[in-house]
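Hydrogens, waters and symmetry mates play no part in the numbers below; they use all other heavy atoms, side chains included. A note on names: the letters A, B, ... follow the listed sequences, proteins ahead of strands, and every chain is numbered from 1.
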Protein chains: 2
Amino acid sequence: MTIAEVSKKYGLTQDTIRYYEKMGLIPPVPRNKSGIRDFDEQSCRWIEFIKCMRSSGLSIEVLKKYVELFNKGKSTVKERKDLLIGQREKLLEKQEDIKKTLDRLNYKIELYDDIISGKRKDFMEEP
Amino acid sequence: MTIAEVSKKYGLTQDTIRYYEKMGLIPPVPRNKSGIRDFDEQSCRWIEFIKCMRSSGLSIEVLKKYVELFNKGKSTVKERKDLLIGQREKLLEKQEDIKKTLDRLNYKIELYDDIISGKRKDFMEEP
DNA sequence: TATTGACTTGGAGCTAACTCTAAGAGATAT
DNA sequence: ATATCTCTTAGAGTTAGCTCCAAGTCAATA
């Protein structure tokens, strides 16, 4: 699979994919005899995995670390697990922040709705 | 309230608070006779509101827009509501991304747990 | 053979959101 | 009066994560 195909399949730009490889977010992609990337299934799985992790904000740095551990083999299983647990913690906090913000947005939107529909005429302007 | 007190109360650096004011994320803060910020309740509410919104990733740009509309008064209520609805949409998507990532992390963590506890000896290394 | 087009690289450039620095003002303690 | 402390500003610097560019290689087509 060429980089163009992978780019289209996963909705990442070619530049981004090359950047991820350069940064060590995915293991080196196999090349053909003229040095052009030829993505195999394993590479695609990595792309998909990284895309998912990045979509919720895991940092380049931590994903790079994960790939490094992965490449060292079975001896790093415990360390990899701990790394993932740390990131799960962070995501749970983020999820909480978002829930709080959503509550607040919902409240405000309802308030504005009431004002617009004339149900509430007595409103005070406050943040 | 001085900037030091506000900084401590909300866990934002003084620099960040000044930056937010400069960027128009919060309306101008009242000053004493020697030009030093003296945060009143309204200012504090703005700080708290912006902190919440920023904590889940709403951009400086969109929050600035919101403050602008707010300062124009009641005529912008509809526009403000639409802006908040747009941001709610974004947050809901983000929430979905995080949920997917959490599922994936949980799956992997369990797998690693099984490997560590010896419950699973047949594992293939894959992303 | 010449051209086209998709790939390659290193490295420069960009944006968002801070973060830091330098220079200075004003209130308070010694 | 002097020193200390907290504040002020404009503007420079930093970081993460891309994004773009120029120059070059290679395979396929006219």
With sequence neighbours excluded, tell me which residues meet salt bridge (Lys or Arg N to Asp or Glu O under 4.0 Å) with [X].
| X | answer |
| --- | --- |
| K81(A) | D113(B) |
| R88(A) | none |
| E110(B) | none |
| R18(A) | D15(A) |

Check: Quick one: how far along DNA chain C does chain B reach, first to last nucleotide 5' to 3', anything under 4.0 Å to a heavy atom?
Finding: dA17(C) to dG26(C)
Next item on the list: Indicate the ring-plane relationship of Y66(A) and F49(A), choosing parallel, tilted or perpendicular according to the 30° and 60° boundaries.
Entry: tilted
Notebook entry, point to check: In dot-bracket form, how is DNA chain C paired, counting a Watson-Crick or G-U wobble pair only if both its distances are under 3.5 Å and using | for bases paired to another strand?
Noted result: ||||||||||||||||||||||||||||||
Note to self: So which atom in Q87(B) and which in L105(A) form the shortest heavy-atom distance, rounded to 0.1 Å?
What the structure shows: C-CD1, 4.3 Å
Next item on the list: Only counting residues at least two apart or in another chain, list the ones meeting side-chain contact (heavy atoms from CB on, under 4.5 Å) with N71(B).
Entry: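 For N71(B) the side-chain contact (heavy atoms from CB on, under 4.5 Å) partners, ignoring immediate neighbours, are P27(B), V67(B).
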Checklist line | Partner set under side-chain contact (heavy atoms from CB on, under 4.5 Å) for C44(B), not counting sequence neighbours | finding: M1(B), V6(B), Y10(B), F39(B)
Checklist line | Neighbours of DNA chain D within residues 3-27 of chain B, by heavy-atom distance under 4.0 Å | finding: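 Hits under 4.0 Å, by residue number: I3(B), A4(B), Q14(B), R18(B), K22(B).
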Notebook entry, point to check: Any side-chain heavy atom of Y19(A) sitting closer than 4.5 Å to one from I60(A)?
Noted result: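 Heavy-atom side-chain distance check passes, below 4.5 Å.
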Item checked: Residue-level proximity of residues 32-59 of chain A to DNA chain C when a heavy atom falls under 4.0 Å -> G35(A), I36(A), R37(A)
Notebook entry, point to check: With distance as the sole test, does T101(A) use its side chain to make a donor-acceptor pair with the main-chain N or O of M53(B) at under 3.5 Å?
Noted result: no
Next item on the list: Hey, could you give me each pair passing salt bridge (Lys or Arg N to Asp or Glu O under 4.0 Å) that has a residue in residues 98-109 of chain B? Not counting sequence neighbours.
Entry: E48(A)-R104(B), E96(B)-K99(B)
Check: Taking only residues at least two apart or on different chains, which pairs with a member in residues 55-79 of chain A satisfy salt bridge (Lys or Arg N to Asp or Glu O under 4.0 Å)?
Finding: K78(A)-D82(A)
